[in-house]
> 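Here it is, the structure in full.
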Amino acid sequence: MATKQRPSAVGKAADYLDQRTTIGVLVKELARKVFPDHWSFMLGEIALFSFVVLIASGFFLTMFFEPSMALVRFEGDYPPSMQGQLMSAAFSSTVDMSFEVRGGLLMRQIHHWSALIFIGSIVLHMFRIFFTGAFRKPREINWLVGLTMLILALAAGFTGYSLPDDVLSGNGLRIIDGVVKSIPVIGSYMSFLVFGSEFPGSHIIPRLFTLHIFVIPGILIALIALHLFLMVLQKHTQYPGGGRTDKNVVGYPALPVYVAKMTGNFFIIAGVLTLMGGTMAINNIWNYGPYDPAPVSAGTQPDWYILFVDGALRLMPGPGWEWVIGGYTLSMNILIPAVVVPGILFTILFAWPFLEARVTGDHREHHVLDRPRNRPVRTGIGVALFVAFLVCALAATNDIIATHFSLSIFAITWVLRVLLFVGPVFAFFVTKRVCLGLQRKDRELVLHGHESGRIVRFANGEYVEVHTPLDPQEVWLRTQHTSPRPLEIRPATDARGVRRQGYRSDRRWQRLSEFFYEDRVEPARPAELAAAHSHGEHDEIEARTPAAVGPGTAGQGTSGPRTAGPRTSGEGAAGPGEEPR
Amino acid sequence: MSENQNNPADTSHEVTVTPEAGTAVGHPERFPDPGVPDHKHRLTDTDPRAAKRAERTVTILFVLSILGTVGSIVAYVMVPPDGTTSGVRLSTLLLGLCLAVSLLGIGIAGIHWAKSLMGDKEMVQERHPLATNEEDRAIAVQDLNEGLADSGVVGRRGVLKGAFFGALALFPLAIAVPLIGSVGGDWNVSKFKHTMWKNGTRLAIDPSGRPIKAADVTVGSVFHVIPETTEEFRSTHEWINEKSKAVVLMVRLNPEDLRTDQSPEGETWSHEGIVAYSKICTHVGCPVALYEQQTHHLLCPCHQSTFDIADSAKVVFGPANRRLPQLPITVDDEGYLVAQDDFAEPIGPSFWERLK
Ligand code: HEM
Ligand code: FES
């Protein structure tokens with residue numbers, strides 16, 4: 001490495017660059033920047049790295065794929081069943097790529113698996129952000145950027161799925177065409193806009209290709225850069241814990257630990273995706289055959305991220321939902337599941353950070369994450385959305401469930417229809433209850449300690465379990481949060497009895513706020529802990545075993561295992577005592 | 001605990017964020033932040049032998065990665081895909097496994113290195129408020145104002161302003177108009193309402209194109225039908241577009257099983273129990289292809305809309321709203337099944353102008 005007299009090669013290169021770019025400032029800023037560590041922060045990373053794998057494997061595919069709908073007769077040797085069949089160049093080049101290019105099938109399969117994992121990790125990442133409140137000020141913009149990327153990722157997935165021009169993807173496009181046509185007023189023209197003629201025409205594959213390899217990834221790359229720039233600028237959030245506040249960031253420095261771990265993670269994720277691509281067959285298009293408008297095979301499902309729309313389409317009852325208004329046809333049976341439902345879903349998601357800030361009356365910066373239990377209504381709504389998503393996705397497999405378990409498809413559909421409405425409501429209330437219960441449990445633990453499993457017998461013959469007090473780290477974890485309360489608003493009339501303008505709107509917000517924060521549990525406070533040792537439910541025990549340890553009095557307890565721990569001092573010094581209950 | 005017994009703070013619900021703020025009787029509002037937990041040393045920090053071992057493991061993993069890469073090149077040369085499905089599978093498997101070893105080797109080595117040998121002491125850094133400080137903000141606002149004033153846009157010169165924004169807003173039209181004008185082809189959406197069936201078109205088998213004689217259609221049999229055309233036409237794009245609308249499913253029922261069909265008063269659209277219905281689902285357009293002999297139900301595999309062929313193909317279940325349009329058929333002089341006319345209504349999914 002570097003000798004004392006002469007700068008190293010790296011040093012020279014750095015100097016060369018710095019003299020021309022002031023890059024030293026940037027390096028100084030970034031090199032030892034601290035990043036908090038948690039397994040759930042990996043989800044965003046998985047999304048990022050599977051995107052990199054997508055780009056790399058996708059580049060390989062573009063070298064051999066022919067984005068053309070020109071009709072050709074298949075001339076390859078394999079598979080023999082296809083000899084002489086008429087098909088599009090897109091389909092035939094995909095088959096050739098699989099059978100004749102070494103590593104071609106591997107790259108196709110890696111690419112497809114990466115797409116599934118990419119979108120999966122984005123969705124889980126989004127749930128992580130949602131449940132921990134990482135979208136709160138100042139990160140609302142990043143939430144919006146993220147959602148936009150989710151939509152683009154779905155678009156990337158769908159456009160890619162359609163490229164090989166096989167029977168399955170062609171039918172997928174046909175369904176899209178049907179949905180597009182249902183759009184009021186402009187639907188028919190939109191269909192022509194997409195296909196360049198009637199379905200399927202001869203333009204759609206080249207058009208999708210341009211979107212898939214140029215437009216969508218281009219925007220995604222720009223947005224990912226913005227996403228990560230904002231993340232670095234605002235510094236990552238951290239989970240609550242000792243020493244973590246809204247004014248600091250606790251973690252490991254970018255150099256070397258974070259960079260090493262990220263590089264390692266990238267290679268591991270790329271390795272796992274390669275393993276999947278090498279061992280798990282996916283989308284064997286030569287089994288489906290080239291697109292033909294007549295055949296279709298039952299029991300085939302779209303890629304998982306489309307399942308929920310497909311399922312919603314299946315659950316919607318048809319008869320009675322196509323309305324003719326003034327001679328024009330409005331297909332609510334298609335619009336509701338395919339346009340209105342996803343529309344509502346994404347509207348809720350886009351609006352959420354602003355809605356929540358409004359009902360919480362919250363304008364502060366947040367850098368310490370929420371524990372999901374401490375926001376019961378938010379967590380409940382998140383779980384409810386997830387359940388609705390699952391029911392819809394399940395509905396997309398109703399034919400498979402039916403044949404697999406020999407059930408009637410009508411019965412399954414009806415059960416799922418009911419479940420779509422009942423399930424999320426049920427999930428909401430259960431989750432909310434569980435969250436509140438966990439908060440009470442937190443209080444309980446702080447005030448009374450952990451059950452030690454050790455039973456102690458009193459002089460009078462009564463048995464009592466010994467409770468171990470929590471260490472200060474754990475006390476802090478369970479009490480550091482604040483429990484928001486419903487908004488307070490100015491009264492409807494002023495001092496002179498004049499009705500105030502804007503009261504009604506204030507009141508509406510207040511109602512919503514009450515829905516969020518009416519049921520609440522206060523974190524335990526030191527005074528309560530002190531009280532718990534002296535009276536209340538402990539009266540009886542206290543009466544017999546007057547463990548007179550005042551707050552702030554550090555030190556040993558009085559007598560043996562029945563000692564009440566000196567747990568309440570303002571300094572937070574906790575002794576190693578144990579507390580009987 | 002005398003202090004606690006008369007502690008009124010018990011019933012207080014006020015939450016403050018300042019942990020320092022004590023109550024009147026000496027209890028703070030919150031428990032104190034205990035600070036960052038003590039650093040725990042790893043084995044590799046204290047035991048040089050363990051550190052040495054970790055170093056060796058990392059090295060071995062990197063070597064494994066190199067072997068993986070070498071292996072993939074060997075696999076590339078030695079196991080070319082022979083074109084058969086199993087040959088392709090084998091080549092894919094070997095290339096995939098070797099590449100995975102080469103990637104995972106690097107990845108696991110890196111993580112192990114970071115976890116066991118790199119510093120693992122947590123560091124604390126300050127956050128700074130994201131908003132610019134007052135001073136800089138004032139300067140920024142002033143700069144903006146000066147810039148605006150310099151440009152002369154503010155206040156005066158309404159016409160100039162109008163022209164400026166007008167020009168900016170309009171120029172994209174010069175690109176958008178030709179693009180949008182051409183991107184939809186001929187924009188002739190009335191094509192949705194017609195198919196290539198017309199009076200006298202023979203019903204032919206898909207995909208062979210062989211016309212069908214009524215006598216060859218036994219009771220209970222199902223035919224996937226296309227309009228008869230030339231072989232040549234069937235190798236063009238126009239054919240695929242036409243086929244997308246014209247495909248028909250034909251079934252022969254026992255005439256007594258056929259309760260109703262869609263024939264209007266005074267017309268017969270079926271022929272001795274043979275009925276032909278559009279195969280394009282009225283939901284969102286999948287080909288409806290699953291026919292159940294016993295129930296005469298026709299099921300769409302996409303979202304399970306179910307149509308009753310014995311009863312005018314009306315919807316008995318699922319998300320479709322309308323029955324499948326019927327193709328009026330009869331037989332010609334030579335005994336071949338032929339269409340009487342095009343469908344009486346547009347086939348396939350609904351669209352805004354469907355009934356216009
Ligand atoms: C293309 C897809 C995406 C990629 C590649 C991506 C990548 C990342 C990465 C690497 C991080 C830092 C690590 C972490 O916290 O997980 C991050 C943070 C973040 N992401 Fe994403 N993300 C994507 C989509 C989304 C979506 C869909 C949302 C929400 C709707 C979102 C919202 C956020 C927010 C708010 C942060 C800051 C988190 C914090 O500081 O705690 N991202 N993203
Ligand atoms: S397309 Fe036939 S049920 Fe949806």
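First the proteins, then the strands, lettered A, B, ... as listed; each starts at 1. On a predicted model such as this, the values are computed, not experimentally measured, just so you know.
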> Can you find a pair of side-chain heavy atoms, one from Q304(B) and one from D399(A), that are under 4.5 Å apart?
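With C-beta onward as the side chain, the pair touches.
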> Between R244(A) and E122(B), does the salt bridge (Lys or Arg N to Asp or Glu O under 4.0 Å) criterion hold? Intermediate values first, please.
CA-CA 11 Å; R244(A) 275 108 173 131; E122(B) 285 191 310; 2.9 Å; yes
> Check each atom of W113(B) against the heavy atoms of chain A and say whether the ones under 4.5 Å are side chain, backbone, both or neither.
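Neither part; nothing is under 4.5 Å.
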> Within the structure provided, determine whether E29(B) and R525(A) are in side-chain contact (heavy-atom separation under 4.5 Å).
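The answer is yes, as the side chains (C-beta and beyond) meet within the 4.5 Å cut-off.
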> For the atom pair CG (L330(A)) and OG (S350(B)), what is the distance rounded to the nearest 0.5 Å?
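If I round to the nearest 0.5 Å, the distance is 9.5 Å.
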> Please work out which of the three classes, parallel, tilted or perpendicular, describes the rings of W352(B) and Y328(A), given edges at 30° and 60°.
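Y328(A) vs W352(B) ring planes: parallel.
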> May I ask you to test the F317(B)-P317(A) pair for a side-chain heavy-atom distance under 4.5 Å?
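The answer is no; the side chains never approach within 4.5 Å.
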> Looking at CZ of F267(A) and CD1 of I108(B), how far apart are the two atoms once the value is rounded to the nearest 0.5 Å?
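If I round to the nearest 0.5 Å, the distance is 12.5 Å.
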> Report the distance from atom CD1 of I240(B) to atom CZ of F199(A), rounding to the nearest 0.5 Å.
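Answer for the CD1-CZ pair, I240(B) versus F199(A), is 10.0 Å.
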> Between N333(A) and P319(B), is there a donor-acceptor pair closer than 3.5 Å when you use the side chain of the first and the backbone of the second?
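Answer holds: yes.
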> Given that the side chain runs from C-beta out, which part of D206(B) has a heavy atom under 4.5 Å from chain A: side chain, backbone, both or neither?
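Side chain only.
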> Given that the side chain runs from C-beta out, which part of V284(B) has a heavy atom under 4.5 Å from chain A: side chain, backbone, both or neither?
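Contact with chain A involves both backbone and side-chain atoms of V284(B).
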> Look at L273(A), V185(A), L275(A) and state which one has the largest set of heavy-atom pairs under 4.5 Å with chain B.
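Of L273(A), V185(A), L275(A), V185(A) has the most heavy-atom pairs under 4.5 Å with chain B.
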> Is it the side chain or the backbone of I280(B) that comes within 4.5 Å of chain A heavy atoms, both, or neither?
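Only the side chain of I280(B) comes within 4.5 Å of chain A.
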> Given heavy-atom pairs under 4.5 angstrom as the criterion, report whether the side chain, backbone, both or neither of H112(B) touches chain A.
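Looking at H112(B), nothing touches chain A.
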> Taking every non-hydrogen pair under 4.5 Å, which of A294(A), A260(A), P256(A), P337(A) racks up the most with chain B?
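So the answer, after comparing A294(A), A260(A), P256(A), P337(A), is A294(A).
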> State the CD1-OG1 distance between I111(B) and T263(A), to the nearest 0.5 angstrom.
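Going from CD1 on I111(B) over to OG1 on T263(A), the span is 8.5 Å.
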> When you check the side-chain N and O atoms of D310(A) and H303(B), is any donor under 3.5 Å from an acceptor?
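There is such a pair (donor and acceptor under 3.5 Å, judged by atom type) between the side chains of D310(A) and H303(B).
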> Compare all side-chain heavy atoms of V124(B) with those of V249(A) and state whether any distance is below 4.5 angstrom.
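Answer no - side chains too far apart.
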> For K314(B), is it the side chain, the backbone, both or neither that has a heavy atom under 4.5 Å from a heavy atom of chain A?
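Neither part.
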> Rounded at 0.5 Å granularity, tell me how far OG in S235(B) sits from CG in L86(A).
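Separation between the atoms: 5.5 Å.
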> In terms of heavy-atom proximity below 4.5 Å to chain A, should K243(B) be classed as side chain, backbone, both, or neither?
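Interface part for K243(B): both.
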> Please look at H224(B) and chain A and tell me whether the side chain, the backbone, both or neither of the residue comes under 4.5 angstrom of a heavy atom of that chain.
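Nothing of H224(B), per the 4.5 Å heavy-atom cut-off to chain A.
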> Specify which of A402(A), G178(A), A70(A), G243(A) makes the most heavy-atom pairs with chain B at under 4.5 Å.
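If we count pairs closer than 4.5 Å to chain B, G243(A) comes out on top.
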> Find the one option among M190(A), R73(A), Q109(A) whose heavy-atom pairs under 4.5 Å with chain B are most numerous.
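Counting heavy-atom pairs under 4.5 Å, the top option is Q109(A).
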> Between R322(B) and E322(A), is there a salt bridge with N-O shorter than 4.0 Å?
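Judged by the 4.0 Å cut-off on N to carboxylate O distance, E322(A) and R322(B) do form a salt bridge.
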> With respect to chain A, which residue among R234(B), H283(B), K279(B) yields the maximal number of heavy-atom pairs within a distance under 4.5 Å?
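Ranked by heavy-atom pairs under 4.5 Å with chain A, first place is H283(B).
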> Just checking, is any N or O donor in the side chain of E353(B) or S188(A) under 3.5 Å from an acceptor N or O on the other one?
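Yes, a side-chain donor-acceptor pair sits under 3.5 Å.
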> Out of M107(A), K247(A), K261(A), which one racks up the most heavy-atom pairs below 4.5 Å with chain B?
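Sorted descending by pairs with chain B, the first entry is K247(A).
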> So which residue, G187(A), S197(A), P36(A), S202(A), ends up with the most heavy-atom pairs under 4.5 Å with chain B?
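Among the listed options, the one with the most contacts to chain B is S202(A).
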> CG/D186(B) to CD/E198(A) distance, rounded to the nearest 0.5 angstrom?
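Here the rounded value is 8.5 Å.
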> Kindly indicate whether the side chain of T306(B), heavy atoms from C-beta on, has any atom under 4.5 Å from the side chain of F410(A).
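Result yes, sub-4.5 Å side-chain heavy-atom pair found.
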